[in-house]
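In what follows, every chain begins at residue 1, and chains take the letters A, B, ... in the order their sequences are listed.
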There are 2 protein chains.
Amino acid sequence: MTAPALPDVCAALGDATRWEILTRLGEGPMSASALARVLPVSRQAIGKHLEVLREVGLVESEQRGREVVHVAVGARLGALAHELDRMGRSWETRLSGIKELAERPRPDVKG
Amino acid sequence: MTAPALPDVCAALGDATRWEILTRLGEGPMSASALARVLPVSRQAIGKHLEVLREVGLVESEQRGREVVHVAVGARLGALAHELDRMGRSWETRLSGIKELAERPRPDVKG
DNA sequence: CCTCAATGCAACTCGATGGTTGCACTTTTC
DNA sequence: GAAAAGTGCAACCATCGAGTTGCATTGAGG
């Protein structure tokens, strides 16, 4: 599918190393080896992370001669942001957060 | 801190069960036991997830008599969405994604 | 042709974490 | 006051995933 499940995208973003990778790839295209030289993990580890990121569409890759160059996809992140914003707003349509708790006089779900 | 690191919030969102919990809590306040009755995991498991969600500010809780009621915090999700959107846009200020790769005539980083 | 750099794939380690059960404690309710 | 419901805490288990090392392969260049 072109639109991965939201939790999957979030999971991909939920790792410090991947976050680092994305930050670098956000500044400009890089190869796995280049990333491995900069980050404190092996080239193979970088490769696995890149695969995860590619699966959820946060990274695109292109073979360029003997190396593969990767780049961060802003559009995908934007799409995620949009979805999360929508969801967040829908939550807010209720009384704002904890206030609603004080409103409810009693659970009265004793049935 | 009042503003957890982005990767942490994303990690919290990167679990299917927690996503389920958040969805329910987005519709209205619920207790851990109530959630456990609806979801296919134990009350203790729910409790752990709620703690994770509370740590990153996605959920607020309030003791109400013998039970504790939890509710999703839209503002926190909105804040995350805003950050992600900003980051995504910054990526886009470069040539859009893979196009930049084609632009670059050669790595010429042979030094 | 030979060497070096960049990859891909596979096997393995090991710590984090989702999930479970069991138990003790408090509040509501009959 | 006793039973029931809702929690919190702790011990335990199993799986997942991040990271490593090793090896084979392929493209670039002298």
Side-chain angles (χ1 to χ4, degrees), chain A residues 5 7-22 24-25 29-56 58-71 101 104-111, chain B residues 5 7-22 24-25 29-56 58-71 101 104-111:
Chain A
D8 291 343
V9 186
C10 290
L13 290 173
D15 178 88
T17 301
R18 278 196 287 272
W19 199 267
E20 269 299 318
I21 293 177
L22 275 179
R24 309 305 177 105
L25 295 185
M30 271 201 209
S31 71
S33 296
L35 283 167
R37 275 183 234 112
V38 179
L39 302 180
V41 292
S42 71
R43 196 254 318 165
Q44 286 85 339
I46 300 278
K48 291 185 187 176
H49 285 305
L50 284 173
E51 168 151 9
V52 173
L53 293 171
R54 202 174 328 112
E55 276 174 355
V56 297
L58 284 172
V59 158
E60 281 178 2
S61 311
E62 179 173 281
Q63 183 103 24
R64 185 151 193 76
R66 91 177 139 180
E67 68 180 7
V68 178
V69 211
H70 312 272
V71 65
L101 301 180
R104 307 201 132 187
R106 288 232 176 178
D108 83 68
V109 270
K110 75 166 186 181
Chain B
D8 291 342
V9 185
C10 291
L13 291 172
D15 178 88
T17 301
R18 278 196 287 271
W19 199 268
E20 270 299 318
I21 293 177
L22 274 180
R24 310 304 178 105
L25 294 186
M30 270 202 210
S31 71
S33 297
L35 284 165
R37 274 183 234 112
V38 179
L39 302 180
V41 291
S42 70
R43 195 248 326 159
Q44 286 84 340
I46 301 275
K48 291 184 187 178
H49 285 305
L50 285 173
E51 169 151 6
V52 173
L53 292 171
R54 203 174 328 112
E55 276 174 355
V56 297
L58 283 170
V59 158
E60 282 179 2
S61 311
E62 179 172 283
Q63 184 102 24
R64 185 153 191 76
R66 88 177 143 182
E67 69 180 6
V68 177
V69 210
H70 312 270
V71 65
L101 300 182
R104 307 203 131 187
R106 288 233 176 178
D108 84 67
V109 270
K110 74 166 185 181

Mind listing the N/O atom pairs, protein and nucleotides 6-8 of chain C, below 3.5 Å?
residue, atom, partner, partner atom, Å
C:dA6, OP1, A:Arg37, NH2, 2.9
C:dA6, OP2, A:Arg37, NH2, 3.4
C:dT7, OP1, A:Ala32, N, 3.4
C:dT7, OP1, A:Val68, N, 3.4
C:dT7, OP1, A:Val68, O, 3.3
C:dT7, OP2, A:Ser33, N, 2.8
C:dT7, OP2, A:Ser33, OG, 2.1
C:dG8, N7, A:Arg43, NH1, 2.9
C:dG8, O6, A:Arg43, NH2, 2.9

> Please give, in whole Å, the distance from C:dA5 C1' to A:Leu35 CG?
Replying inline: 16 Å

>> Between B:Arg43 (side chain only) and B:Ala36 (backbone N and O only), is there a donor and an acceptor less than 3.5 Å apart?
In response: no

>> Show me the dot-bracket string of DNA chain D, counting Watson-Crick or G-U pairs under 3.5 Å, with | for pairs to another strand and [ ] for crossing ones.
In response: ||||||||||||||||||||||||||||||

> Given side chains that start at C-beta, do those of B:Ser33 and B:Glu67 come closer than 4.5 Å, heavy atoms only?
Replying inline: no

> Taking atom NZ of A:Lys48 and atom CD1 of A:Ile46, what is their separation to the nearest 0.5 Å?
Replying inline: 12.0 Å

>> Using the rule given for side chain to side chain contact (heavy atoms under 4.5 Å, CB included), can you reason through A:Leu22 versus A:Leu13, listing the C-alpha separation, both sets of side-chain angles and the distance that settles it, and then say yes or no?
In response: CA-CA 9 Å; A:Leu22 275 179; A:Leu13 290 173; 3.4 Å; yes

> Taking all atoms of both residues into account, what is the closest heavy-atom pair of A:Ile21 and A:Leu53, and its distance?
Replying inline: CG2-CD1, 4.1 Å

> Below 4.5 Å, heavy atoms only, C-beta onward: do B:Leu39 and B:Arg24 meet side chain to side chain?
Replying inline: yes

> Less than 4.5 Å apart, any side-chain heavy atom of A:Leu25 and any of A:Met30?
Replying inline: yes

> To the nearest 0.5 Å, what is the distance between NE2 (A:His70) and CD (A:Glu60)?
Replying inline: 12.0 Å

> Just how far, in rounded Å, is P of C:dG18 from CH2 of B:Trp19?
Replying inline: 15 Å

Below 3.5 Å is the cut-off: list the nitrogen or oxygen pairs between protein and nucleotides 16-19 of chain D, distance only.
residue, atom, partner, partner atom, Å
D:dA18, OP1, A:Arg18, NH1, 3.3
D:dA18, OP1, A:Arg18, NH2, 3.0
D:dG19, OP1, A:Thr17, OG1, 2.8
D:dG19, OP2, A:His49, NE2, 2.2
D:dG19, N7, A:Lys48, NZ, 3.2
D:dG19, O6, A:Lys48, NZ, 2.7

>> Could you report the tightest heavy-atom contact between B:Ser31 and B:Val69, atom names first, then the distance?
In response: N-CG1, 4.2 Å

> Rounded to the nearest 0.5 Å, what separation is found between the OG1 atom of B:Thr17 and the CG atom of B:Leu35?
Replying inline: 11.5 Å

